**Student:** 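One structure, as structure tokens, below. Some questions next.
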Amino acid sequence: MEPTEDQKLADEWAAALGEDPDAPEVDVDEVMSAQLDELQDTASPISDDERRKLDSILDIPVTISMEVGRSKISIRNLLQLNQGSVVELERLAGESLDVLVNGTLIAHGEVVVVNDKFGIRLTDVISQTERIKKLR
């Protein structure tokens with residue numbers, strides 16, 4: 001069965017992000033195993049009412065944007081901008097981009113290009129606690 005267009009695109013993104021499913025397998029004999037404690041399921045199951053509430057918000061659309069940088073300029077300089085003008089940003093070249101959801105910083109990332117389309121590889125995700133602090 002031939003892969004769908006979506007599967008081909010997903011495979012290309014996976015390869016670009018270093019998650020190639022066709023990558024060579026690691027020899028298990030050469031890998032040392034770590035001793036881990038048994039996981040305990042301490043969370044209580046979600047009630048039907050809680051599941052309905054969760055389902056009701058999962059389809060709410062949000063706007064995700066990547067910010068390269070910012071700059072403050074006077075209105076005089078703004079009015080003088082034309083084709084070919086260069087606006088200097090506060091961010092240094094090579095610095096991570098900000099990933100914002102509805103204007104709130106949630107992560108930092110770097111630009112990747114796959115099939116002539118831009119994407120972003122997340123390099124650092126802001127903790128939920130930090131995101132809540134930024135809202136206040």
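Computed from a predicted model, the values in this text were never measured in an experiment. Numbers for residues simply follow the sequence, beginning at 1.
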**Student:** Is the number of heavy atoms from other residues, nucleotides or ligands under 6.0 Å of Ile75 CD1 greater than 12?
**Tutor:** no

**Student:** Does His108 offer a backbone N or O that forms a donor-acceptor pair with the side chain of Thr123 under 3.5 Å?
**Tutor:** yes

**Student:** Using side chain to side chain donor-acceptor pair (under 3.5 Å) as the criterion, list what pairs up with Arg91, not counting sequence neighbours.
**Tutor:** Asp98

**Student:** Please examine the side chains of Val111 and Leu97, heavy atoms only from C-beta on, and report whether any two atoms are closer than 4.5 Å.
**Tutor:** yes

**Student:** Quick check: closest heavy atoms across Ile120 and Val99, and the distance to 0.1 Å?
**Tutor:** CD1-CG2, 3.6 Å

**Student:** Can you hop from Val62 to Met66 via hydrophobic side chains spaced under 4.5 Å?
**Tutor:** yes

**Student:** Please report the C-alpha distance between Asp55 and Arg51 in whole Å, then the side-chain angles of each, then the deciding distance to 0.1 Å, and finally whether the salt bridge (charged side-chain N to carboxylate O under 4.0 Å, His left out) criterion is met.
**Tutor:** CA-CA 6 Å; Asp55 286 343; Arg51 184 174 306 281; 5.8 Å; no

**Student:** Looking at residues at least two apart in the chain, or sitting in another chain, which of them share a salt bridge (charged side-chain N to carboxylate O under 4.0 Å, His left out) with Glu95?
**Tutor:** none

**Student:** Can you check whether Leu100 reaches Ile64 side chain to side chain, under 4.5 Å on heavy atoms?
**Tutor:** no

**Student:** Indicate if Phe118 and Val68 have the same hydrophobic cluster label, given that clusters are the connected sets of ILVMFWY residues with side-chain heavy-atom separations under 4.5 angstrom.
**Tutor:** yes

**Student:** Do you know which two heavy atoms are closest between Ala107 and Ile126, and how far apart they sit?
**Tutor:** N-CG1, 3.8 Å

**Student:** Is the CG atom of Asn82 crowded by more than 12 outside heavy atoms at less than 6.0 Å?
**Tutor:** yes

**Student:** As an exercise, state the distance from CG of Leu89 to CD of Glu67, rounded to the nearest 0.5 Å.
**Tutor:** 9.0 Å

**Student:** Does Arg121 come within less than 4.0 Å of Glu110, counting only side-chain N to carboxylate O?
**Tutor:** yes

**Student:** Just by distance, do the side chain of Ser71 and the backbone of Glu88 share a donor-acceptor pair under 3.5 Å?
**Tutor:** yes

**Student:** Are Ile73 and Leu81 close enough that some pair of their side-chain heavy atoms sits under 4.5 Å apart?
**Tutor:** yes

